[in-house]
K.L.:
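What follows is a structure written as structure tokens; I'll ask about it next.
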Amino acid sequence: MPIDRYEFGGLFFSLVYQYSRLERAMSRDSGLYSGQPRVLTILKDNEGCTLSELSERCGIGLPSLSVSVRNMERGGLIRKVASKSDNRAQTLFLTDTGLAKARRFHALIDSFYSRLIDGLGEEGSLRARDTLERLVAFIKVADAEFSEPD
């Protein structure tokens, strides 16, 4: 019997909610606040970024990101280096503490996904990947429809 749209919607939003809770728990366990893992990951995977580059890569607006970066700088996770050619331009880098927290968060995520894939088995994980790819594609289309100006 096919799943009805309300049951599907309930399951989908339950998945989103539970994953969000899991991410927050992993952030806390890593000594991070929600949203910080994304910033630290981008800085970990790149040799420094400007605030505008970081904003684009994170998908976080500059005002919100500026506050987060300032807090992470105060917390010793990020350091700013002024550009030699333009004193107003600054590049953001991870500190050793920031790198350690980013690595801790990624170790938790890697462990979670390893257990998930092992639990689903090879065939189940391939089906799950296909389903998730389709969901992401559908959500991108729906997001574009809702985001278009009137």
Side-chain angles (χ1 to χ4, degrees), residues 3 5-83 88-147:
I3 187 170
R5 65 180 175 212
Y6 295 109
E7 183 181 1
F8 180 82
L11 287 170
F12 176 77
F13 285 110
S14 178
L15 170 69
V16 170
Y17 173 74
Q18 290 300 327
Y19 186 81
S20 177
R21 285 183 51 142
L22 175 65
E23 183 182 27
R24 285 193 307 272
M26 288 180 181
S27 293
R28 278 192 311 273
D29 193 58
S30 303
L32 300 170
Y33 294 104
S34 185
Q36 289 181 340
R38 189 180 335 170
V39 171
L40 296 181
T41 296
I42 290 168
L43 291 175
K44 180 176 85 57
D45 294 342
N46 297 280
E47 292 294 321
C49 290
T50 65
L51 194 60
S52 58
E53 291 169 337
L54 190 59
S55 172
E56 186 177 310
R57 291 179 182 166
C58 286
I60 299 173
L62 278 172
S64 297
L65 186 60
S66 294
V67 172
S68 293
V69 164
R70 192 176 320 117
N71 289 335
M72 286 188 275
E73 187 178 20
R74 287 181 191 150
L77 303 176
I78 293 175
R79 64 183 170 85
K80 293 179 182 175
V81 176
S83 170
R88 296 171 296 167
Q90 297 179 327
T91 303
L92 306 170
F93 295 92
L94 286 180
T95 63
D96 290 341
T97 302
L99 181 59
K101 288 188 182 243
R103 286 181 175 157
R104 170 70 180 143
F105 181 81
H106 282 272
L108 292 170
I109 290 287
D110 289 345
S111 172
F112 168 75
Y113 285 117
S114 292
R115 290 190 324 233
L116 177 63
I117 289 168
D118 290 347
L120 291 173
E122 186 176 346
E123 184 179 327
S125 63
L126 290 173
R127 280 193 317 228
R129 184 184 70 197
D130 180 58
T131 301
L132 290 172
E133 286 174 348
R134 289 178 187 199
L135 281 170
V136 167
F138 179 80
I139 291 169
K140 283 181 180 179
V141 168
D143 181 51
E145 290 172 1
F146 282 100
S147 300

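Fair warning: this is a prediction, and the values are worked out from it, not measured in the lab.
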K.L.:
Would you name the heavy atoms of Leu40 and Gly98 that are closest together and state the gap between them?
P.N.:
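Answer, listing the atom of Leu40 first, then Gly98: CD1-O, 4.0 Å.
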K.L.:
Working to the nearest 0.5 Å, report the span between CG of Leu94 and CG of Leu99.
P.N.:
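Answer for the CG-CG pair, Leu94 versus Leu99, is 6.0 Å.
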K.L.:
To the nearest 0.5 angstrom, please state how far the OH atom of Tyr17 sits from the CZ atom of Phe12.
P.N.:
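That separation rounds to 16.0 Å.
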K.L.:
Quick one: closest heavy-atom pair of Leu51 and Leu65, and the distance?
P.N.:
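It is O-CD2, 3.7 Å.
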K.L.:
For Ala128 and Leu120, work out which heavy atoms get closest and say how close.
P.N.:
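Looks like CB-CD1, 3.9 Å.
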K.L.:
Taking side-chain contact (heavy atoms from CB on, under 4.5 Å) as the criterion, tell me which of Asn46, Ile78, Val81 meets it with Phe93.
P.N.:
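Of the listed options, the one satisfying the test is Val81.
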K.L.:
Taking only residues two or more places apart in sequence, or in another chain, which ones meet Glu56 in a salt bridge (charged side-chain N to carboxylate O under 4.0 Å, His left out)?
P.N.:
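Per chain and number, Glu56 pairs via salt bridge (charged side-chain N to carboxylate O under 4.0 Å, His left out) with no residue.
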K.L.:
Apply the test side chain to side chain contact (heavy atoms under 4.5 Å, CB included) to residues His106 and Lys44: give CA-CA distance (whole Å), side-chain angles for both, the deciding distance (0.1 Å), then the verdict.
P.N.:
CA-CA 11 Å; His106 282 272; Lys44 180 176 85 57; 3.9 Å; yes
K.L.:
Locate the shortest heavy-atom distance separating Met26 from Phe112; write the atom from each residue and the value.
P.N.:
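Heavy atoms only, the tightest pair is CE-CB, 3.5 Å.
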K.L.:
Is Thr91 reaching over with its side chain to a backbone N or O of Cys49, donor-acceptor style, under 3.5 angstrom?
P.N.:
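Not confirmed, Thr91 side chain does not pair with Cys49 backbone.
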K.L.:
What's the verdict on side chain to side chain donor-acceptor pair (under 3.5 Å) for Arg127 and Thr131, showing C-alpha distance, side-chain angles and the deciding distance?
P.N.:
CA-CA 6 Å; Arg127 280 193 317 228; Thr131 301; over 6 Å; no
K.L.:
Rounded to the nearest 0.5 Å, what separates atom CD in Gln36 from atom CG in Leu43?
P.N.:
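Reported value, rounded in 0.5 Å steps: 11.5 Å.
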K.L.:
Taking atom CG as the centre, does Asp110 end up with more than 12 heavy-atom neighbours from other residues, nucleotides or ligands that are less than 6.0 angstrom away?
P.N.:
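Atom CG in Asp110 is packed in, count exceeds 12.
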K.L.:
What I'd like to find out is whether the side chain of Phe105 reaches to under 4.5 Å of the side chain of Ser27, using heavy atoms alone.
P.N.:
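A side-chain contact exists here, since the closest heavy-atom pair is under 4.5 Å.
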K.L.:
Compare every heavy atom of Thr97 with every heavy atom of Gly76, then report the nearest pair and how far apart it is.
P.N.:
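Shortest heavy-atom contact: O-CB, 3.6 Å.
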K.L.:
In chain order, what residues pass the side chain to side chain contact (heavy atoms under 4.5 Å, CB included) check against Glu7, with sequence neighbours excluded?
P.N.:
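Applying side chain to side chain contact (heavy atoms under 4.5 Å, CB included) to Glu7 gives Ile3, Asp4, Leu11.
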K.L.:
Tell me whether Glu47 at atom CD has more than 12 heavy atoms from other residues, nucleotides or ligands lying less than 6.0 Å away.
P.N.:
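No.
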K.L.:
Roughly how far, to the nearest 0.5 Å, is the OG atom of Ser111 from the CG atom of Leu116?
P.N.:
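Reported to 0.5 Å precision, the distance equals 11.0 Å.
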K.L.:
Take Ile42 and Glu53, measure what side chain to side chain contact (heavy atoms under 4.5 Å, CB included) needs, and give me the verdict at the end.
P.N.:
CA-CA 10 Å; Ile42 290 168; Glu53 291 169 337; over 6 Å; no
K.L.:
Any chance OH of Tyr19 has more than 12 other-residue heavy atoms, nucleotides or ligands included, within less than 6.0 Å?
P.N.:
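Counting neighbours around OH of Tyr19, more than 12 heavy atoms of other residues, nucleotides or ligands fall under 6.0 Å, so yes.
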K.L.:
Quick one: CD1 on Ile109 to OG1 on Thr41, what's the gap to the nearest 0.5 Å?
P.N.:
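So the CD1 of Ile109 and the OG1 of Thr41 are separated by 8.5 Å.
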K.L.:
How would you list all residue pairs meeting side chain to side chain donor-acceptor pair (under 3.5 Å) that involve residues 62-72, not counting sequence neighbours?
P.N.:
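Side chain to side chain donor-acceptor pair (under 3.5 Å) check on residues 62-72 returns no pairs.
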K.L.:
Please determine whether the number of non-hydrogen atoms from other residues, nucleotides or ligands lying under 6.0 Å from atom CD of Glu123 exceeds 12.
P.N.:
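Open.
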K.L.:
Has the side chain of Thr95 got a donor or acceptor atom that lies under 3.5 Å from a matching backbone atom of Leu77?
P.N.:
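Indeed, once roles are kept as given, a pair shorter than 3.5 Å links the two residues.
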K.L.:
So how far is it from Met72 CE to Leu92 CG, rounded to the nearest 0.5 Å?
P.N.:
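Going from CE on Met72 over to CG on Leu92, the span is 8.5 Å.
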